[in-house]
Amino acid sequence: MSLPGKNSIPLRVAIIGSGPAAFYAVEALFKQKDLAVEVDMFDRLPTPYGLVRHGVAPDHQKIKSVIKVYEKLATKPNFRFYGNVELGRHVSVADLRNYYHQIVYATGAQTDRALDIPGEALNGSHAATEFVAWYNGHPDYRDCQFDLSQERVAVVGVGNVAVDVARILCRTNEELAETDIADYAMKVLRHSKVKEVYMLGRRGPAQAAFTNPEAKELGEMPGADMIIFPDEAALDPLSEAELAASGDRETKRKVEILQEIAARAPEDKPRRLVLRFLVSPVELIGDASDHVTAMKIVKNKLVESRGKLSARPTDAYEELPVGLVFRSVGYRGVPLPDVPFRDDWGIIPNEAGRIIDPESKQPLLGEYVTGWIKRGPSGVIGTNKPDAVETVGCMLEDLNRGATLNPALHTAQAAEDLIAQRQPNFISFADWQRLDQIEVERGKAQGRPRVKFVDVDEMLRALGREPIVEAVETR
Ligand code: NAP
């Protein structure tokens, strides 16, 4: 049999997920000069772009301009989008093996990591990832409730997600009105009584995970004074020595930014954002109705362990009177049906993107992974580009040595027939472009980038379709 990848038999690739990692894999495939390739991209939501739509903060529109690159790829004739189609519900891995030469999982990290402290399950304690999905209009999270009648909120963690959450809580109504934040979220935030937001870092300023522009932006908000205690902004001797030895200019600048903010006098703005260092939550305390009323925190000191500065608790405790808590200590991947998963790392086990069968310890034929579900939830959008290039490199190597799946049905039409049979309400890229246009038009009337659809049935009706109750068997 001749190898796929020629015009006579194009290489058929299924990509599961439609976020940046998925699109950078498409880009890397489409860049190959002598490769005839067709990509079908699946997303369980009708809308493409993953975390660019449902993760990137609504007041960071510039970051979303990467979509232009993805749109260009998606309108090529050898690309098809199948939105509203879920792996394990409408199509199975066995189906994909029957229709594609190669399969790439690019499903990101869809859940959060827990703190594992007493009281974590109290009312008013939430995953930041849920709040982010809620304010970004993710259909699965639009019914979430966050009690913004509370005056004091704690955000645990000092990564960029924690920064996004703290910033959105501190934005003025006028600032929010210019964004594409979900309409329902804007209404709730408009009536927010939040006065004080604590961001809690377990280590020191030199170890803060947020990036420098994000830290600077926090200190420049019109509606909130940023407070850092000067003693917590000062470097401990271990961090000082580590920074001097590494010569890391970005971290040095980060510490300077934070110390500059710590030296400022507050300007009596309506809200206060208090960034604390060297503290860890140890317990959430609730009232008789199981609603969080306070957080007990312990002061930490830094110690060197395995070549890294880690937080070690002291015996000094404090209590923060907070009625709302967001844990923002990292995302976590979730397993996909019939795809290997490493529960301890929250990723699909792989070597450079080739999925490794946990039993045989050998690469699975024709199955690959890219993005956060490959390497864990780290890096910015652009980090997914070299990551996808690495995965596609493995795919091409395997293709060249004939190590692909051998699908019985390998035409685009055969795949579309299957999908239409399993999910008649699949959303094509042209359908999405129509939805996109409606969202942008609705936004224009309000001086906003777009007003998002937040409900799948509403999206279908806007396309003149009737939602149907599904009874689907995939195996
Ligand atoms: P992250 O950058 O990994 O930050 C996680 C934070 O949680 C760190 O401060 C970490 O502290 C802390 N943490 C972990 N376990 C903890 C515990 N048990 N108790 C207290 N603190 C704990 O993760 P993220 O904020 O979820 O962001 C994920 C990725 O998306 C990052 O690469 C981020 O840069 C990126 N992102 C970028 C943007 C942007 O570019 N604007 C926006 C959002 C997200 P330690 O360092 O001590 O572990």
Side-chain angles (χ1 to χ4, degrees), residues 19-21 50-66 108-118 120 125 127-133 135-136 154-168 198-218 238-239 242 250-251 254 258 275-284 295-306 308-313 320 325-333 345-347 371-373 375-384 387:
L51 274 190
V52 179
R53 181 174 169 97
H54 293 124
V56 172
D59 58 341
H60 276 177
Q61 288 299 312
K62 251 196 190 158
I63 296 182
K64 297 188 190 227
S65 57
V66 289
Q110 293 166 28
T111 187
D112 73 300
R113 290 179 47 218
L115 289 169
D116 290 327
I117 57 167
E120 193 166 1
S125 160
T129 52
E130 283 174 16
F131 187 57
V132 169
Y135 66 60
N136 277 319
V155 183
V156 182
V158 286
N160 279 335
V161 172
V163 170
D164 284 348
V165 166
R167 208 178 54 248
I168 291 300
Y198 301 97
M199 264 180 80
L200 308 176
R202 63 178 169 182
R203 299 191 287 158
Q207 292 82 32
F210 50 61
T211 37
N212 293 357
E214 275 66 23
K216 231 171 147 245
E217 190 181 11
L218 279 186
L238 287 176
S239 300
E242 190 181 73
E250 226 166 281
T251 303
K254 182 179 297 174
L258 296 171
L275 173 58
R276 299 284 310 267
F277 289 111
L278 290 166
V279 291
S280 285
V282 288
E283 183 182 356
L284 299 187
M295 176 190 277
K296 187 173 173 186
I297 57 174
V298 65
K299 289 280 290 173
N300 296 327
K301 63 177 182 192
L302 290 180
V303 293
E304 203 165 344
S305 99
R306 288 191 231 150
K308 182 179 154 202
L309 295 184
S310 306
R312 177 170 297 168
L320 296 177
V325 173
F326 294 107
R327 53 177 184 274
S328 183
V329 296
Y331 282 74
R332 206 185 132 73
W345 293 351
I347 60 162
W372 277 6
I373 196 67
R375 67 175 196 276
S378 66
V380 292
I381 290 172
T383 315
N384 293 299
D387 190 333

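Treat the numbers as computed from the prediction; the structure is a model and nothing was measured. Atoms within a ligand are numbered from 1 in the order they appear, just like the ligands themselves.
- At the shortest separation from atom 23 (O) of ligand 1 among protein heavy atoms lies Gly330 CA, 4.1 Å.
- The side-chain heavy atoms of Lys308 and Gln207, taken from C-beta on, include no pair separated by under 4.5 Å.
- Near Arg203, meaning under 4.0 Å from one of its heavy atoms, ligand 1 places the atoms 45 (P), 46 (O), 47 (O).
- Remark: the backbone N or O of Val329 is paired with a side-chain donor or acceptor of Arg113 at under 3.5 angstrom.
- Closer than 4.0 Å to atom 3 (O) of ligand 1 lies none of the heavy atoms of the protein.
- The shortest separation from a heavy atom of Ser378 to ligand 1 is under 4.0 Å, placing the residue in contact.
- Remark: ligand 1 and Ala162 share no N or O pair separated by less than 3.5 Å (distance only, no angle test).
- For ligand 1, the atoms sitting less than 4.0 Å from at least one non-hydrogen atom of Ala209 are 2 (O), 4 (O), 8 (C), 9 (O), numbered in the order shown with element in parentheses.
- At distances below 3.5 Å, not a single donor-acceptor pair connects side-chain atoms of Asp387 with backbone N or O atoms of Ala21.
- By the 4.5 Å heavy-atom criterion applied to side chains, Leu218 and Arg167 are counted as neighbours.
- Shortest contact from atom 35 (C) of ligand 1 to any protein heavy atom: Gly379 O, 3.5 Å.
- The backbone and the side chain of Val329 each have at least one atom closer than 4.0 Å to an atom of ligand 1 (non-hydrogen atoms only).
- Exactly one of Leu275, Asp164, Val165 qualifies for a side-chain contact (heavy atoms from CB on, under 4.5 Å) with Val155. That residue is Val165.
- Set against the non-hydrogen atoms of Val380, the atoms of ligand 1 under 4.0 Å away are 40 (O).
- Atom 41 (N) of ligand 1 has its closest protein heavy atom at Glu214 OE2, 2.9 Å.
- Of all atoms in ligand 1, listed by their number and element, those nearer than 4.0 Å to a heavy atom of Pro377 are 28 (C), 29 (C).
- Between Thr383 and Ser378 the shortest side-chain heavy-atom distance does not fall below 4.5 Å.
- Closest heavy-atom approach to atom 39 (C) of ligand 1 among the candidates Asp112, Val161, Asn160, Leu51: Asn160.
- Annotation: Asp164 places no N or O atom under 3.5 Å from an N or O atom of ligand 1; distance criterion only.
- Backbone and side-chain nitrogen or oxygen atoms of Trp372 are examined, and none is located within less than 3.5 angstrom of a nitrogen or oxygen of ligand 1.
- Paired with Leu278 under the rule side-chain contact (heavy atoms from CB on, under 4.5 Å), one option of Val298, Leu200, Ile297, Leu302 passes, and it is Leu302.
- Formation of a donor-acceptor pair under 3.5 Å by the Ser125 side chain with backbone atoms of Glu120 is found in this model.
- Judged by the shortest distance from any of its heavy atoms, Ser328 lies inside the 4.0 Å radius around the atoms of ligand 1.
- Formation of a donor-acceptor pair under 3.5 Å by the Arg203 side chain with backbone atoms of Leu309 is found in this model.
- The backbone N or O of Phe210 lies less than 3.5 Å from a partner atom in the side chain of Lys254, making a donor-acceptor pair.
- Less than 4.0 angstrom separates atom 10 (C) of ligand 1 from none of the non-hydrogen atoms of the protein.
- Protein heavy atom at the shortest distance from atom 48 (O) of ligand 1 is Arg202 NH2, 2.8 Å.
- Looking only at side-chain heavy atoms (C-beta outward), Ile117 and Leu284 come within less than 4.5 Å of each other.
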